[in-house]
Trainee: 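Let me begin by handing over the structure; questions about it come next.
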Number of protein chains: 2
Amino acid sequence: MDFVHLLISNNIKPSLQRIKIFEYLYDNREHPTVDTIYSNLVGDIPTLSKTTVYNTLKLFIDNGITSTVTIEDNEVRYDAIMEEHGHFKCDNCGNVYDVEIDISALKFKEIKSFKVEKTNIYLKGKCNKCLNKIN
Amino acid sequence: MDFVHLLISNNIKPSLQRIKIFEYLYDNREHPTVDTIYSNLVGDIPTLSKTTVYNTLKLFIDNGITSTVTIEDNEVRYDAIMEEHGHFKCDNCGNVYDVEIDISALKFKEIKSFKVEKTNIYLKGKCNKCLNKIN
DNA sequence: ATCTAATTTTGTAATCGTTACAATTTTATA
DNA sequence: TATAAAATTGTAACGATTACAAAATTAGAT
Ligand SMILES: [Mn+2]
Ligand SMILES: [Mn+2]
Ligand SMILES: [Zn+2]
Ligand SMILES: [Zn+2]
């Protein structure tokens, strides 16, 4: 995966920080928080500032190569996958997984009252790993 | 609507503050924030504290008569409707509306990997009021 | 290669929503 | 009425995010 050219083709100058942050997001599909990203990169880039992580993610979002995943009130997660998809969060381990959902199947009553531009779906429950551990 | 008995039957002592806060939430289907609730009630109850609004909503949630609606990273909204339903948020006016969605129609690939306990759906776009104003 | 301007990164301080906590007030019980 | 329990309140603490200005890096012109 050529992150440098992905950034360039989205009008983002490929600084070291930007490359590493996008690379992390793309390779780690756990929907990490700012803190997770920072903690995992600061070893690589010792001068890294958390502000840069915030700034960079905002830049990515503004340029359409990253989105936020809001499930819990108190944690903002980030996602490099821009294709429409849903999420599943396990109550037990807290992990957030991608799920493929066919949103075209969704019908709702008030469809005539709104111009819908985006449909968000997230599920909550227990992942199989946790279910097996508990039992 | 008899809010006093609704609270009692859910093991919540019906203090003035609790009654008023639940009444507000039940009557105003806008999915208000803590600040909105506080601002609209402090005229009625001049001694009201924002902490009480926080505490009371937490109590309601713990006792299953209120839920949170998380759409935006930075605003927590509250809902007295506990039946499963979806939401629509207008980008333009910011209002959040209820929508009836048949979630049984939803199919997703990873259904065998997770035990799903709750399905959340929210839509974003423009409401008709805003569309008419803009055009 | 060198100078200069523009961009990016960084660290610190400010902000804001929420929570912790202790004091006060209200309510229930004897 | 006296006492204990519960609820409310105000203030302080907290943590995530943002604002901002200084420092460092990069790009462009000479
Ligand atoms: Mn995802
Ligand atoms: Mn609702
Ligand atoms: Zn799990
Ligand atoms: Zn609108």
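Chain identifiers are assigned alphabetically (A, B, ...) following the order of the sequence lines, protein sequences preceding nucleic acid strands; residue numbering begins at 1 within each chain.
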Trainee: Have a look at the helix from C:dA1-D:dT30 to C:dA30-D:dT1 and give the angle its two end axes make, five pairs each, rounded to 10 degrees.
Mentor: 20°

Trainee: If only side-chain N and O atoms count, and only distance matters, is there a donor-acceptor pair under 3.5 Å linking A:D79 with A:S67?
Mentor: no

Trainee: For C:dT10, does OP1 or OP2 lie under 4.0 Å from any side-chain N or O of A:T51?
Mentor: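 For C:dT10, neither OP1 nor OP2 has a side-chain N or O of A:T51 closer than 4.0 Å.
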
Trainee: Write down the distance between CG (B:D35) and P (C:dG17), rounded to a whole number of angstrom.
Mentor: 6 Å

Trainee: Calculate the interatomic distance between B:N11 atom CG and D:dA6 atom C1'; express it in whole Å.
Mentor: 15 Å

Trainee: For B:N55, answer base if it contacts any base atom (sugar-phosphate contacts may also be present), sugar-phosphate if it contacts only those atoms, and nothing otherwise; contact means non-hydrogen atoms under 4.0 Å.
Mentor: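 The answer is base, as B:N55 lies within the cut-off (heavy atoms under 4.0 Å) of a base atom.
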
Trainee: Measure the distance from OH on B:Y54 to C1' on C:dA20 and round it to the nearest whole Å.
Mentor: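 That distance rounds to 14 Å.
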
Trainee: Calculate the interatomic distance between B:D62 atom CG and C:dT19 atom C1'; express it in whole Å.
Mentor: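 Value for this atom pair: 14 Å.
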
Trainee: More than 12 heavy atoms of other residues, nucleotides or ligands under 6.0 Å from NZ of A:K124: yes or no?
Mentor: yes

Trainee: Is a side-chain donor-acceptor pair under 3.5 Å present for A:H87 with A:N120?
Mentor: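 Short answer, no.
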
Trainee: To the nearest Å, give me how far apart OH (B:Y38) and P (D:dT8) are.
Mentor: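 So the OH-P distance, B:Y38 to D:dT8, works out to 15 Å.
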
Trainee: Answer yes if the side chains of A:T36 and A:S39 hold a donor-acceptor pair under 3.5 Å, and no otherwise.
Mentor: no

Trainee: Kindly point out which of C:dT10, D:dA7, D:dT9 is positioned nearest to the side chain of A:S49?
Mentor: C:dT10

Trainee: Using whole Å, what does the distance between atom C1' of nucleotide D:dA16 and atom CZ of A:R77 come to?
Mentor: 15 Å

Trainee: Counting any heavy atom closer than 4.0 Å, what does A:K50 reach on the DNA or RNA strands: base, sugar-phosphate only, or nothing?
Mentor: nothing

Trainee: Does A:S15 make a side-chain N or O approach to OP1 or OP2 of C:dT9 shorter than 4.0 Å?
Mentor: yes

Trainee: Give B:Q17 one of three labels, base, sugar-phosphate or nothing, depending on what nucleic acid heavy atoms sit under 4.0 Å from its own.
Mentor: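 If one applies the 4.0 Å heavy-atom cut-off, B:Q17 turns out to touch the sugar-phosphate alone, with no base involved.
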
Trainee: Decide whether B:D73 and A:T70 meet the rule of one side-chain donor and one side-chain acceptor closer than 3.5 Å.
Mentor: yes

Trainee: Looking at D:dT9, I'd like to know if its phosphate oxygens (OP1 or OP2) sit under 4.0 Å from a side-chain N or O belonging to B:T47.
Mentor: yes

Trainee: Figure out the CZ/C1' separation between A:R18 and C:dT10, and round it to whole Å.
Mentor: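 Distance check: A:R18 CZ to C:dT10 C1' gives 14 Å.
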
Trainee: Please compare B:V76 and A:I12 by the position of their nearest nucleotide in DNA chain C and report the one closer to 5'.
Mentor: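 Result: A:I12.
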
Trainee: Check whether any side-chain heavy atom of B:P32 lies under 4.5 Å from a side-chain heavy atom of B:L25, and answer yes or no.
Mentor: yes

Trainee: Which residues end up grouped with A:F108 if you chain together Ile, Leu, Val, Met, Phe, Trp and Tyr wherever their side-chain heavy atoms are less than 4.5 Å apart?
Mentor: A:F88, A:Y97, A:V99, A:I101, A:I103, A:L106, A:I111, A:F114, A:V116, A:I121, A:L123, B:F88, B:Y97, B:V99, B:I101, B:I103, B:L106, B:F108, B:I111, B:F114, B:V116, B:I121, B:L123

Trainee: Measure CG/B:L57 against P/C:dT18 and give the value in whole Å, please.
Mentor: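 The distance from CG of B:L57 to P of C:dT18 comes to 10 Å, rounded to the nearest Å.
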
